[in-house]
There are 2 protein chains.
Amino acid sequence: MEKSAKEGYGKVLGRLEQEILDVLWKSGPLNGKEIFSDIRRKRDLALTTVLTVIERLAKKGLVRKTRGESVYLFEAAYSRDGFAREVSQEVLKSIFDISRSGACASFVDMLARVDPVELEELSSMIEKKKKELERARG
Amino acid sequence: MEKSAKEGYGKVLGRLEQEILDVLWKSGPLNGKEIFSDIRRKRDLALTTVLTVIERLAKKGLVRKTRGESVYLFEAAYSRDGFAREVSQEVLKSIFDISRSGACASFVDMLARVDPVELEELSSMIEKKKKELERARG
DNA sequence: TTGACATTCTACGTATTGTCGAATATATTT
DNA sequence: AAATATATTCGACAATACGTAGAATGTCAA
């Protein structure tokens with residue numbers, strides 16, 4: 001499955017989109033130019049390029065656009081966590097549809113590789129969820 | 001985050017691509033026409049449409065194309081589980097990059113909703129993985 | 001009113017997927 | 001082998017998504 005090298009299967013957002021959201025998650029509401037400046041530090045892009053993509057994100061509902069004094073302000077419509085949750089939801093569902101156990105196995109693998117400590121977290125989340133379910137049933 | 005309605009964020013494969021793989025996972029190696037017939041049962045498409053997409057899947061390395069007697073045969077290059085694992089890997093990674101805990105939370109939620117029994121499975125997978133890690137460390 | 005700056009519009013390039021018909025290649029049948 | 005049928009490949013067009021950015025337009029303050 002070499003294709004991964006090129007781009008990867010379930011990419012969630014485009015590169016610039018991702019960068020913009022990252023900026024917004026890092027710093028609060030910003031105007032277009034500020035976002036642009038931040039991104040500019042790493043890459044050479046035209047202001048309008050950044051603006052365009054911000055606009056598209058707004059259209060998708062991922063960025064909120066509000067009128068500041070004399071300038072529009074943008075902020076992420078969802079928290080980092082919230083967004084990850086939302087998106088995971090969809091992505092995972094589509095993977096679950098292919099194979100549940102495959103997805104589980106790979107989830108654990110991934111987590112172990114990327115952040116083993118989080119395995120603990122996950123354990124307790126599961127425990128909590130199980131209790132929750134029991135309670136709901138009785 | 002309404003966009004989901006339209007298409008969804010981390011879609012792994014296109015519709016027809018998915019359908020074709022499903023057919024191949026269900027039945028072993030098939031020739032183009034057989035795959036076509038199967039898909040045809042649900043949707044009205046031209047033979048060449050299906051052929052084209054099969055060909056693209058082959059080019060992506062997701063389908064293996066072999067010479068049968070007088071006809072090419074196609075089969076999935078990866079098992080359902082293997083594929084799910086591979087793909088999850090990538091997709092999850094990109095979500096993890098956004099937020100680890102968000103992804104975890106949503107994973108547990110999802111699993112609980114879709115297949116609560118599997119929560120047990122997951123628990124043991126984690127335990128196993130933890131031991132594995134300990135052993136590796138010493 | 002004239003600049004300077006902010007915002008929107010329009011547009012091109014590339015990629016991916018769905019969709020096919022036309023052309024070509026490969027059997028099969030006389 | 002010629003004719004016919006079947007299989008396979010090619011090339012195309014449409015839609016969508018994303019990156020990219022110049023041109024056009026809008027806004028406000030001096």
Side-chain angles (χ1 to χ4, degrees), chain A residues 3-23 29-37 39-40 42-74 87 90-91 94, chain B residues 1-23 29-37 39-40 42-74 87 90-91 94:
Chain A
K3 146 144 191 197
S4 347
K6 250 201 307 226
E7 243 303 3
Y9 284 103
K11 79 163 178 317
V12 172
L13 293 172
R15 175 180 174 185
L16 186 47
E17 292 180 318
Q18 182 70 64
E19 288 174 329
I20 289 170
L21 279 181
D22 281 339
V23 171
L30 297 175
N31 67 45
K33 214 166 176 182
E34 289 166 331
I35 300 176
F36 166 66
S37 302
I39 285 176
R40 185 77 190 264
K42 300 189 175 177
R43 299 214 279 144
D44 193 23
L45 288 177
L47 169 64
T48 49
T49 299
V50 177
L51 270 302
T52 299
V53 175
I54 294 175
E55 210 60 43
R56 285 181 188 160
L57 284 171
K59 202 153 292 169
K60 287 192 203 175
L62 297 183
V63 157
R64 214 169 306 124
K65 179 181 187 177
T66 55
R67 180 123 241 146
E69 27 173 332
S70 89
V71 185
Y72 279 113
L73 292 180
F74 303 93
V87 171
E90 296 180 39
V91 174
S94 84
Chain B
M1 245 172 289
E2 332 68 16
K3 144 145 192 194
S4 348
K6 248 202 307 225
E7 243 303 3
Y9 284 103
K11 80 162 181 316
V12 172
L13 293 172
R15 175 179 174 186
L16 186 48
E17 291 181 318
Q18 182 69 64
E19 289 173 329
I20 288 170
L21 278 182
D22 281 341
V23 171
L30 298 175
N31 66 46
K33 214 166 176 183
E34 289 167 331
I35 299 176
F36 167 65
S37 301
I39 285 176
R40 185 78 191 261
K42 300 189 175 177
R43 298 214 280 145
D44 193 22
L45 288 178
L47 169 63
T48 50
T49 299
V50 177
L51 269 303
T52 298
V53 175
I54 295 174
E55 209 61 43
R56 285 180 187 162
L57 284 172
K59 202 153 293 167
K60 289 193 203 174
L62 296 183
V63 156
R64 211 169 308 124
K65 180 182 186 177
T66 56
R67 179 122 243 146
E69 28 174 329
S70 90
V71 184
Y72 279 113
L73 291 180
F74 302 92
V87 171
E90 297 180 39
V91 175
S94 84

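Chain naming here is simple, since letters A, B, ... match the order of the sequence lines and numbering starts at 1 in each.
Salt bridge K42(B)/E19(B): absent, no basic N to carboxylate O contact under 4.0 Å.
When rounded to the nearest whole Å, the span between CZ of F36(B) and P of dG18(C) equals 16 Å. The interatomic distance linking L51(B) (CG) with dT24(C) (C1') rounds to 14 Å, in whole Å. Atom C1' of nucleotide dA6(C) and atom CG of L30(A) are separated by 16 Å, given to the nearest angstrom. Residue L57(A) contributes atom CG, which lies 16 Å from atom C1' of dT8(C) at whole-angstrom precision. Taking atom CD on E55(A) and atom C1' on dC18(D), their separation rounds to 15 Å, with Å as the unit. If you take CG of L16(A) and P of dT14(C), they are 18 Å apart, rounded to a whole angstrom. Atom CG in L47(A) sits roughly 9 Å away from atom P in dT7(C) (whole-Å rounding). Atom P of nucleotide dC18(D) and atom CD of E19(A) are separated by 14 Å, given to the nearest angstrom.
Considering T52(A), L57(A), I54(A), I39(A) in turn, I39(A) is the only one that fulfils the side-chain contact (heavy atoms from CB on, under 4.5 Å) rule with L16(A).
The distance from atom CZ of F74(A) to atom CD of E55(A), rounded to the nearest 0.5 Å, is 5.5 Å. The distance from atom OH of Y72(A) to atom CG of N31(A), rounded to the nearest 0.5 Å, is 13.0 Å.
Applying the 3.5 Å distance criterion, the base of dT8(C) shares no donor-acceptor pair with the side chain of R56(A).
Residues passing the side-chain contact (heavy atoms from CB on, under 4.5 Å) test with D22(A) are Q18(A), W25(A), R80(A), sequence neighbours excluded. Scored by the side-chain contact (heavy atoms from CB on, under 4.5 Å) test, R64(B) finds E75(B), A77(B) as partners (sequence neighbours excluded). With sequence neighbours excluded, no residue forms a side-chain contact (heavy atoms from CB on, under 4.5 Å) with K59(B). Residues forming a side-chain contact (heavy atoms from CB on, under 4.5 Å) with L51(B) (at least two apart in sequence, or on another chain): L47(B).
Heavy-atom minimum distance, F36(B) versus L45(B): CE1-O, 3.2 Å. Closest non-hydrogen pair, V50(A) versus I20(A), comes out as O-CD1, 3.9 Å.
Under 4.0 angstrom from either OP1 or OP2 of dT20(D) there lies at least one side-chain N or O belonging to R43(A). For dT17(C), one of the phosphate oxygens OP1 or OP2 lies less than 4.0 angstrom from a side-chain nitrogen or oxygen of K60(B). Listed pair K65(A) / dT8(C) meets the phosphate criterion, a side-chain N or O lying under 4.0 Å from OP1 or OP2. Between dA6(C) and K33(A), a contact under 4.0 Å exists linking OP1 or OP2 to a side-chain N or O.
Contacts of R15(A) with the nucleic acid, taken as non-hydrogen atoms under 4.0 Å apart, involve only primed sugar atoms and P, OP1 or OP2.
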For nucleotides 22-25 of chain D, list the nitrogen or oxygen atoms of the protein found under 3.5 Å from its nitrogen or oxygen atoms, one pair per line.
from, atom 1, to, atom 2, distance (Å)
dG22(D), N7, T48(A), OG1, 3.2

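Mapping L45(B) and N31(A) onto DNA chain C by nearest heavy atom places N31(A) closer to the 5' end of the strand.
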Exercise for review: Starting at the 5' end of nucleotides 25-30 of chain C, put B wherever the base has a protein heavy atom under 4.0 Å, S where only the sugar-phosphate does, and a dash everywhere else.
Suggested key: ---S--
